[in-house]
Protein chains: 2
Amino acid sequence: MPSRTSPARAASRRVASSIDVVILTPRGRRLLVLLTRGPARSRERWQLPWHPLRPADTIDDVAAQLARRVLGTRPSLVEQVAAYGDRRRHPAGADLSVAFLALVESESAAGADKNSAWFPVDDLPPLPPRQRAMLEGVLTSLRVRIDQSPIAFHLLPSTFTLTQLQEIYELLLGRRLHKASFRRSLHAAWLVEPTDEWRSEGRGRPAQLFRYAPRKRRGGRRGVRFGI
Amino acid sequence: MPSRTSPARAASRRVASSIDVVILTPRGRRLLVLLTRGPARSRERWQLPWHPLRPADTIDDVAAQLARRVLGTRPSLVEQVAAYGDRRRHPAGADLSVAFLALVESESAAGADKNSAWFPVDDLPPLPPRQRAMLEGVLTSLRVRIDQSPIAFHLLPSTFTLTQLQEIYELLLGRRLHKASFRRSLHAAWLVEPTDEWRSEGRGRPAQLFRYAPRKRRGGRRGVRFGI
DNA sequence: GAAATAGTGTCTCTTAGACACTATTTC
DNA sequence: GAAATAGTGTCTAAGAGACACTATTTC
């Protein structure tokens, strides 16, 4: 049974909390994360952007504002992933930290602030232990949810070629996909619609541009897959 | 950029936090959740079991101990789902609450404490607003993850019939499954192995008992399904 | 023309679901 | 035997992957 502490007494037991954001963008065949320098006395250590949580705050608001401030522009997606309340060290000394995922397309990823820089997620400087765990957790949840949720589209501009889209999926899944099969599945899911624009990248046949335009789902019936 | 507050100052900004658990068990064709009565002055209102978080605590430990205390036995799974830090009302007056899922098989679900009772998840008494949202969130995440994670097995005793297992999946997914197809998929996933016991439920042919015994995964290759 | 990239048609193999069947128990 | 439940064999349709092809651009 939970302790029968009254709300007033419970409110006097307070913990230091932080909101931490993992801001991701694609660049070429790599996924980049935005890190900021710690305060001067922590000697140039890189950290995930974080902000302390205060009693009147809403975690989603704090995360959205933090991401926007560091990035210099509004990310296309900000979403909570998980809470971390182990005893690992956090730069804010927080007892409890909530990890958020933020996604930006690469065009908008240029204007990050002076104290921040992009790092490939597979080649990172040392991070505070809890933030390291938060980053791993966010990346794992990204891979797990990629085919249930339109995550990939948040990493692309509003119009894009199907090759670009496939490259994002390959980046997030960490493996190559079959071109014809990818396009058939995409068509069957009614997730994109063609525009009447075409983009020529210099060499080769120009590609048609598409936009994300999900149509209503067809029943959603499917068997149990048991993780396969 | 995050504010450059020093760890010492940040730690002085504290919020009231709680750990809340959604404890679930199957009964017949329904899923039940364990609720406890609020403190006397809150007039018999039902609540999710919760416990305040203190600075030295680990959220997983608090959740595990809380679930065990209310349930009278150790749940077979305790897992974090999400943090809730909106301004909705919480019985502890918490600014930030972390929702946990706990699962028990029905045999062990009997010994819950005197101030608690089981309610069908589709027929609940009024709950504090944040706890209502937490319960919805936990149930949604359960349905989303059921085929990626061996959740169903935590709602069954260590040996079970395949009909029992299928009924758990049908309960969680909210729809009927095809018997032969369900068994073929299960066999292909190498998740269960037969025991040499059989159980007769009175009428009809006795069913063979199986146990959860996952074998190593076959590659895990599959195409992108785009949520279909 | 060659090289490069975009996009498609067809075949095969796997598998989900339907259907119908067999098997084993209680009454 | 009838009723009830467990468990399986076969067909079909959908879809993923392989392969090979066509289409359109730059050089």
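Numbers restart at 1 for each chain; the letters A, B, ... are given by sequence-line order, proteins then strands.
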Q.
What is the separation between atom CZ on A:R199 and atom P on C:dA6, rounded to the nearest whole Å?
A. 11 Å
Q | First encountered from the 5' end of DNA chain C, between A:E201 and B:P206 | A | A:E201
Q.
Regarding B:A180, tell me which of base, sugar-phosphate or nothing describes its non-hydrogen contacts under 4.0 Å with the strands shown.
A. base
Q: Would you mind telling me which residue lines up with the more 5' stretch of DNA chain D, A:H178 or A:G204, judged by nearest nucleotide?
A: A:H178
Q: Round to a whole Å and report the spacing from NE2 of A:H187 to P of C:dG9.
A: 11 Å
Q: Without swapping roles, check the side chain of B:H90 against the backbone of B:R130 for a donor-acceptor pair under 3.5 Å.
A: no
Q.
Heavy atoms only, 4.0 Å cut-off, all strands: where does A:Q208 land among base, sugar-phosphate and nothing?
A. sugar-phosphate
Q | CD on B:Q131 to CG on B:L48, rounded to 0.5 Å | A | 4.0 Å
Q | Between C1' of C:dG7 and CD of A:Q164, the distance in whole Å | A | 16 Å
Q) Taking OP1 and OP2 of C:dA18, is either one under 4.0 Å from a side-chain nitrogen or oxygen of B:S181? A) no
**Q.** Phosphate OP1/OP2 of C:dT25 contacted by B:S200 side-chain N/O (<4.0 Å)
**A.** no
Q | Strand partner of D:dT10, provided both Watson-Crick or wobble distances fall under 3.5 Å | A | C:dA18
Q: Please assess B:S108 against B:T73 for the test side-chain hydrogen bond (donor to acceptor under 3.5 Å, both in side chains), listing each intermediate value before the final yes or no.
A: CA-CA 7 Å; B:S108 307; B:T73 183; 5.1 Å; no
Q | Member of B:Y212, B:Y169, B:F153 meeting the ring pair (Phe, Tyr, Trp, His ring centres under 6.0 Å) criterion with B:F160 | A | B:F153
Q.
Please confirm whether the shortest side-chain N or O distance from A:R203 to OP1 or OP2 of C:dT5 is below 4.0 Å.
A. yes
Q) With both distances kept under 3.5 Å, what pairs with D:dA23, Watson-Crick or G-U wobble? A) C:dT5
Q | Any donor-acceptor N/O pair under 3.5 Å between D:dG7 base and B:R184 side chain | A | no
Q: Give the rounded distance in Å between these two atoms: CZ of B:R183 and P of C:dG17.
A: 15 Å
Q | Rounded distance in Å - CD (B:E197) to P (D:dA6) | A | 17 Å
Q) How close or far is atom P of D:dA18 from atom NZ of A:K179, stated in whole angstroms? A) 14 Å
Q: Let me know the distance between CZ of A:R176 and P of D:dA16, rounded to the nearest Å.
A: 18 Å
Q) Do A:R175 and A:E170 meet the salt-bridge criterion of a basic N to acidic O distance under 4.0 Å? A) no
Q) Rounded to whole angstroms, how far apart are CH2 on A:W198 and P on C:dT5? A) 17 Å
Q. Relative to the 5' end of DNA chain C, which residue comes earlier, A:R205 or B:L177, by the nucleotide with the nearest heavy atom?
A. A:R205
Q.
If I take atom CG from residue B:D61 and atom CG from residue B:L66, how far apart are they, to the nearest 0.5 angstrom?
A. 12.0 Å
Q.
Could you identify the nucleotide paired to D:dA16, looking across every strand shown and requiring Watson-Crick or G-U wobble geometry with both distances under 3.5 Å?
A. C:dT12
(Q) At 4.0 Å (heavy atoms only), tell me whether A:T161 reaches a base, stays on the sugar-phosphate, or touches nothing. (A) nothing
Q: Could you pick out which residue, A:F182 or B:L209, lies toward the 5' side of DNA chain D when each is mapped onto its nearest nucleotide?
A: B:L209
